[in-house]
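Report on one structure; see the data block that follows.
All figures in this text were calculated on a predicted structure; none of them were measured in a lab.
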Amino acid sequence: MCLNPGEILAGRYRIIARLGQGGFARTYTAQDLQNPDNPPCVIKEIPFPQSENPQVLERARRRFQTEVRALQTLSNNSRIPQLFDHFEINRNFYLVLEFIEGTLLSQEIAQGKQWTEAQASAFLWEILEILNSIHQANVIHRDIKPANLIRRKTDRQIVLIDFGAVKEISTYTSSNTGEILTSQAIGTRGYMPAEQHDPRSFPQPYNDIYAVGIIAIQALTGRRPTNLPQDPETCDIIWGYLTSEPVSDGLRNILNTMVCFNFQQRYQSAAEVLQALDSLQSPPPPQPPPQPWRWLLFGVAGLAAALAIVLLIPRISPLIPSISSQPTLPTPSPDGVSSGEKLLVQTSALWSKQRGINECADSNYPEALKLLKQSWREDRRDPETLIYINNALLKAINAEYYTIAIVVPIRRNQDGSILNANLAEELLRGIAQAQTEVNLGLLAANENNKDFPGQGFLEPKAIKGKGLKIIIADDGNIKSYAVQRAKDLVAQPDILAVIGHYTSDMTVETVDIYNRNQLVAISPGSTTEELTRKPRKFFFRTAPTTSIEAEGLVNHLLSVNKKKVAVFYNPDSPFSYSLWEQFTKQFEAKGGKTFRLRNYNNLSKNDFSAEAAIEEVEKAGIKAIAVFPDGQVTNSVENAIEMIKANGDRNWIVGPWTLYELRTLEVAKQLKSVEKLGVSVFWHPLISFDKKFPQNAEKLWGGPVNTRSALTYDAARTLIKALEMQPEPSREGMQKTLAAPNFKAEGATGIIEFDSKTGNRKNPPKRVAHIVPCSREVFGVTFVPNEFPTAAAAGLKCD
């Protein structure tokens, strides 16, 4: 639940304001009504695990009580917020803590500014003394970062807040075997060490020591941890040359030991580090920094070596210098592009996956295959791992193969950290499943291959005895990134076709790059009519156009006798604008009337108010709403979902397939009824043309997939069919084959054929789905096509 100002929690705590929200919990400031003279307190709200297994909740309760006892033990430490109260209400755990007024360390460590050695040493002494105290109480923090360190206003001392162990509670889940485990690693990218990425790893003091060392290095260099280079052989951080003033050998050695990649070579306790700091004597004059001419030469002659750096947690920042040249390293791929040598989807990568990627980068494919398969056994929902497994297999067995690429959007924050990778993973699942089907055809059915994903239920479909390699590129849903990725891909002659881009915005920016370079781009998500007005010879799409999608939504509203509709969209998005244009044209041609509210029609505005928009709709006497957010390029999807929430079930609402996602269901769960919501959908397991696809997908991924996965699966099957039809596949041959009048491929969404003039799909799928209650689903509700009025009618088992 989300608490609002003025609400009273547990009959005692009046909420003042929301203080923050992360992936695991919300925090609020509140006033204790039983002690009104006391300063405000902080309330941390931790949701119950999303699992129907009662043992998972029981484990979470036990862990919550354990952490409460630990925090109570630490309450005598003035550098830890005091715990006042704890309880659980409405499927949430709550902690009531002391409010610390002060300045976050993240505000003190400004990007580009560097601390002196004396400042860094003072910081280390202060924070390590806190760590020594909590470690002696057998408590490991696990999420030490500048945003969790506050310099208290009253005495200027550092206070450590927001223990990561508490966050772990909401991540509990159960495996297929009934094992209860955490679903993702606890910590923050850049500040947590490699071994902590494995959710199964047991917390140790050296996890926290690494984080403290990294913060000190960040302060000394003025660079965020994700912008620090690593040695390609040892994966240790390289930072000494980045300080404006030399750092003494003694402190540099201490910091290097604190952040050593190999945890066994790190300090094992905070007391050890304090002892090392205490033993520092006046050091000899430090060695001068490298001469500027060395780095100038590097910029010209050493670029290839820099490109070859293998980062444990890859960055999206510019290329970083390397101080060790390895002429035997493989030719590096461009930034944001990987076939296995880089980690692109950096959400909660397992340690085995990290090691597998390192082995891929070193061309040790048999070992990479072994490690990546281990990672797959630990996390079967990760499509990036499955693609890398397939690519490593091809190299390990020296197979011949064809190469295609896929471009997906991994949404990021301004600092480069991942905001949302769900969309990218949904798209990757479809192509990964198709790729696995192909490469299974290269494996002999024997004991050695029984652990390969998909073995025993996916149908092996090698391409004329050859395999399929997939290159992944991330365009971030950012136009400049998309253009660069397109340029990178067309420059690789072995790539015969590209699946992408997903959003119409990115495709409009890049389609001419592919067309000029005669490389087929087949989009599973770009629906704007803009791409039809100026057809490109090398562009195709498996998704319908906006005119087809609009037709389904128009018919849905007319079927419930709604002739007046208020429309909200993003006028700067090719997709959103095109859908608005087509919807308006068709709705008014059938006797309806559309309205745009002057101050509220633009969904992408940062100050968009869903509540105010709904009020304006009702003032105008309109009983139907159409919301057309873009493909997660802006915050318009979030605004559209807020409109669904604010509307409740008062007015009819229709929206495009960009709203066919879990966040919509999460909001629906909070509403009494969602009977008046219709969302277009191009595929659903209940109406799958290929009946085996959803069954196989569930077996492969350990759960269902959605429309986006089906459309990328179809795009991959389409390209595979085109490869099969050519004696000697080529870029030009791919275009001619797809545009031929006799071309036909079968996929999850139906028969795939193209209009040779436009590249549009003939007879594309179109459906509208609604939401029905189903207690066995994640949020207690689920989407089903409109032809099924209830979950029971759809054949779903919900009891």
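Ring-plane geometry between F743 and F754 is classed as parallel, the angle between the planes falling under 30 degrees on a 0 to 90 degree scale with a further cut at 60. Using cut-offs of 30° and 60° on the angle between ring planes, the pair W580 and Y569 is parallel. Classification of the W683-F693 ring pair by plane angle, with boundaries at 30° and 60°, yields perpendicular.
Taking the six-membered ring for Trp and the full ring otherwise, the centers of Y514 and F538 sit at least 6.0 Å from each other. With ring centers used as reference points, W657 lies under 6.0 Å from Y502.
A donor-acceptor contact closer than 3.5 angstrom is absent between the side chains of T634 and S604. Side-chain N/O atoms of D690 and S688 include no donor and acceptor closer than 3.5 Å.
Between R767 and E787, at least one side-chain nitrogen of the basic residue sits less than 4.0 Å from a carboxylate oxygen of the acidic one, meeting the salt-bridge criterion. In this structure, K479 does not pair ionically with D505, as no charged nitrogen and carboxylate oxygen lie closer than 4.0 Å. With respect to the salt-bridge test (charged N to carboxylate O, under 4.0 angstrom), the residues K766 and E549 do not qualify. Look at E581 and R533 and you find a salt bridge, because one of the NZ, NE, NH1 or NH2 atoms lies within 4.0 Å of a carboxylate O, short of that distance. Using a cut-off of 4.0 Å between Lys/Arg side-chain N and Asp/Glu carboxylate O, E616 and K619 are scored as salt-bridged. A salt bridge links E618 and R650; the closest N-O separation between the charged side-chain nitrogens and carboxylate oxygens is under 4.0 Å. A salt bridge links E426 and R708; the closest N-O separation between the charged side-chain nitrogens and carboxylate oxygens is under 4.0 Å. Ion pairing between E638 and R663 holds under the 4.0 Å rule for side-chain N and carboxylate O.
The main-chain N or O of K676 is found under 3.5 Å from a side-chain atom of D649 such that the two form a donor-acceptor pair. Under a 3.5 Å cut-off, the side chain of R18 and the backbone N or O of Y28 do not form any donor-acceptor pair. Checking side-chain atoms of R717 against main-chain N and O of T712 turns up no donor-acceptor pair under 3.5 Å. Between the side chain of N647 and the main chain of M643, no donor-acceptor pair closer than 3.5 Å is present. Between the side chain of E509 and the main chain of M506, no donor-acceptor pair closer than 3.5 Å is present. Of the possible donor and acceptor atoms, one in the side chain of E384 sits under 3.5 Å from a partner among the backbone N and O of L344. Of the possible polar contacts, none joining the N477 side chain to the I410 backbone as a donor-acceptor pair under 3.5 Å is found. A donor-acceptor contact shorter than 3.5 Å is absent between the side chain of N555 and the backbone of L553. The backbone N or O of T503 sits nowhere less than 3.5 Å from a side-chain atom of H501 that would complete a donor-acceptor pair. With S576 contributing its side chain and F628 its backbone, the two residues share a donor-acceptor pair below 3.5 Å.
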Does the side-chain contact (heavy atoms from CB on, under 4.5 Å) test come out yes or no for L489 and N517, once each step is laid out? CA-CA 10 Å; L489 296 178; N517 289 274; over 6 Å; no

Going through the checks in order, is the side-chain contact (heavy atoms from CB on, under 4.5 Å) test met by V567 and F587? CA-CA 11 Å; V567 185; F587 193 73; over 6 Å; no

Are T782 and V772 close enough, and set up right, to give a side-chain contact (heavy atoms from CB on, under 4.5 Å), and what steps lead you there? CA-CA 6 Å; T782 190; V772 298; 4.0 Å; yes

Do K562 and N651 pass the side chain to side chain donor-acceptor pair (under 3.5 Å) test, and can you show the C-alpha distance, the side-chain angles, and the key distance before you say yes or no? CA-CA 10 Å; K562 296 301 168 188; N651 307 291; over 6 Å; no

With side chain to side chain donor-acceptor pair (under 3.5 Å) as the criterion, how do S526 and T507 come out once you've worked through the C-alpha distance, each side chain's angles and the decisive distance to 0.1 Å? CA-CA 7 Å; S526 301; T507 302; 2.5 Å; yes

I would like to know whether T594 and E588 meet side chain to side chain donor-acceptor pair (under 3.5 Å); could you show each step before the answer? CA-CA 7 Å; T594 60; E588 295 184 350; 2.8 Å; yes

Starting from the C-alpha separation in whole Å, work towards a yes-or-no answer on side-chain contact (heavy atoms from CB on, under 4.5 Å) for I522 and V498. CA-CA 6 Å; I522 179 168; V498 173; over 6 Å; no

Start with the C-alpha distance between F783 and Y660, add both sets of side-chain angles, then the distance that settles ring-ring contact (aromatic ring centres under 6.0 Å, His included), and finish with yes or no. CA-CA 8 Å; F783 287 105; Y660 183 73; 4.7 Å; yes

Does the side chain to side chain donor-acceptor pair (under 3.5 Å) test come out yes or no for T27 and E45, once each step is laid out? CA-CA 6 Å; T27 53; E45 179 184 71; over 6 Å; no

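Taking CD1 of I16 as the start and OG1 of T29 as the end, the distance is 4.5 Å to the nearest 0.5 Å. In this structure, the separation between OG1 on T718 and CG on L738 is 7.5 Å, given to the nearest 0.5 Å. To the nearest 0.5 Å, the span separating CG on L3 from CZ on R26 amounts to 8.0 Å. Between the CD1 atom of I625 and the CZ atom of F595 there is a distance of 13.0 Å, given to the nearest 0.5 Å. Rounded to the nearest 0.5 angstrom, I8 CD1 and Y13 OH are separated by 12.5 Å. With values rounded to the nearest 0.5 angstrom, D630 atom CG is found 9.5 Å from S504 atom OG.
Looking at T664 and L677, their side chains come closer than 4.5 Å, going by heavy atoms from C-beta outward.
Shown here is K590, whose NZ atom has more than 12 heavy atoms of other residues, nucleotides or ligands within 6.0 Å.
Between N760 and the options D755, T545, T532, a side chain to side chain donor-acceptor pair (under 3.5 Å) holds for only T532. Exactly one residue among N635, I641, V637 makes a side chain to side chain contact (heavy atoms under 4.5 Å, CB included) with N639. That residue is N635.
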